[in-house]
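What follows is a short report on a single structure.
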Amino acid sequence: MGYVPPAGEMPELPEVETIVKGLKRMEGEKVKRVEIFDGRLKGIERLKGKVIYKIYRRGKYIIFNFNPSLSLIAHLGMTGKFSFKGEDSHIRASFKFDNKILYFVDTRRFGSLRVSREENPLPYLGLEPLSREFDARSLFEKIGKSRKRVKDFLMDQHKIAGIGNIYVNEILFRSRIHPERRVDTLSKEEVNILVRMTKDILKKAIRKGGTTIRDYKDPEGREGRFQDFLMVYGREGEPCKVCGSPIRRIKQGNRTTYFCEVCQKLERRNNVTG
DNA sequence: CCGCCAGCCTGAAGGC
DNA sequence: TGCCTTCAGGCTGGCG
């Protein structure tokens, strides 16, 4: 049987970071007109006439600051994208500026756009994995008394913000930790490795412009290149690039999990060399 | 508080 | 050929 790749991918931290880089040039621009094609996005028309002064990422969210207390909070869900090209179907909203139009496109409508007056609109979000604050000590502290399985923990946006189902599989493979391990069984060394691999993989994915399996494109329509570096995600039955044994696919919770059962042991290891 | 799970949504792909 | 089912998963809200 031929290999069938998984159906889709969601924008995670590296994709959102890449998108923000592409949107940055809109800082300083004034919204001349807002069009809404999906009733649930009602509310964003308040942005008409406002000037964007800062665009940045927090977890998987994109935040457009219009002034200190007026922001557009965007989440791309599974298939959401911002595009300067108008050829897409499933356009849900558009923002007209002086010289260009920015489209919000979202096939499955898991994405959201909302206007907020909060200074800190996403207070519950967890650690930024690429920040200095994310280190072995702070992760250990976050783990606290949690008994979550490590995969679920890393994907919990209230603990760490920005990791989704593609990168979590890659991080655990590179850390040689089984996705079903309980976080309270992780050794200090393993927590340390997790931090290092998380930063490593996310940084490299950003350098490659994210991962495109089917849907993801940046605002200029460019695809990512990190899919060529995936070690486990979407590789069920293919040989592990380290040990050669077939990559396994299981359901953990409602989510697909890929791992190598030889490289990623369930037992605790104390002397990890990476 | 914690862990777990259904449901939202749409299009692709598989089964019969 | 075509209908029907299943799958994909970020996030929210509800349950025990």
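Because the structure is a prediction, the values reported are computed rather than measured.
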Whole-Å distance separating the [atom1] atom of [X] from the [atom2] atom of [N]:
X: A:Leu13; N: C:dC11; atom1: CG; atom2: P; result: 11 Å
X: A:His158; N: B:dC1; atom1: NE2; atom2: P; result: 12 Å
X: A:Ile213; N: C:dC7; atom1: CD1; atom2: P; result: 18 Å
X: A:Leu76; N: C:dG10; atom1: CG; atom2: P; result: 13 Å
X: A:Arg109; N: B:dG7; atom1: CZ; atom2: P; result: 19 Å
X: A:Asn165; N: C:dC11; atom1: CG; atom2: P; result: 12 Å
X: A:Asn169; N: C:dG10; atom1: CG; atom2: P; result: 10 Å
X: A:Asp38; N: B:dC8; atom1: CG; atom2: C1'; result: 13 Å

Does A:Arg249 reach a base, just sugar-phosphate, or nothing at all? Heavy atoms under 4.0 Å.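 The answer is sugar-phosphate, as A:Arg249 gets under 4.0 Å only of primed atoms, P, OP1 or OP2.
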Review point. Quick one: is the NZ or CZ of A:Arg46 closer than 6.0 Å to the six-membered ring centre of A:Phe66, and within 45° of its axis?
Key: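 So A:Arg46 doesn't make the cation-pi contact.
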- Is NZ or CZ of A:Lys199 both nearer than 6.0 Å to the six-membered ring centre of A:Phe134 and within 45° of the ring axis?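 No, cation not above the ring by the 6.0 Å, 45° rule.
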A:Gly253 or A:His90: which one's nearest nucleotide on DNA chain B is closer to the 5' end?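 First, find each residue's nearest nucleotide; the 5'-ward one identifies A:Gly253.
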Taking the basic N atoms (NZ, or NE/NH1/NH2) and the acidic carboxylate oxygens, is any pair closer than 4.0 Å for A:Glu220 and A:Arg25?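 Looking at A:Glu220 and A:Arg25, the cut-off is met.
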Note to self: With salt bridge (Lys or Arg N to Asp or Glu O under 4.0 Å) as the criterion, how do A:Asp200 and A:Arg196 come out once you've worked through the C-alpha distance, each side chain's angles and the decisive distance to 0.1 Å?
What the structure shows: CA-CA 6 Å; A:Asp200 221 63; A:Arg196 273 170 36 209; over 6 Å; no
**Prompt:** Is the closest side-chain donor-acceptor distance between A:Glu15 and A:Tyr167 under 3.5 Å?
**Reply:**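 Yes - a donor-acceptor pair under 3.5 Å links their side chains.
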OP1 or OP2 of [N] sitting under 4.0 Å from any side-chain N/O of [X]?
X: A:Tyr124; N: C:dT12; answer: yes
X: A:Gln157; N: C:dG10; answer: no
X: A:His75; N: C:dC11; answer: yes

* Asked: With ILVMFWY side chains joined below 4.5 Å, transitively, what does A:Phe259's cluster contain besides itself?
  ->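 Joined to A:Phe259, directly or through intermediates: A:Ile250.
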Checklist entry - Got a donor-acceptor contact below 3.5 angstrom from the A:Arg174 side chain to the A:Met197 backbone? => result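 Pair absent, no side-chain N/O of A:Arg174 close to backbone of A:Met197.
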* Tell me which nucleotide among B:dC9, B:dA6, B:dG11 gets nearest to the side chain of A:Asn254. =>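 The nucleotide sitting nearest to the side chain is B:dA6.
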- Among B:dC9, C:dT12, C:dG10, which nucleotide sits nearest the side chain of A:Met78?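 Among the listed nucleotides, the one closest to the side chain of A:Met78 is C:dG10.
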Fill in: base_contact_polar (C:dG10 base, A:Arg255 side chain, donor-acceptor, <3.5 Å)
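Indeed there is one.
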*Proximity to DNA chain C (any heavy atom under 4.0 Å), residues of residues 140-156 of chain A only*: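 By residue number: A:Met155.
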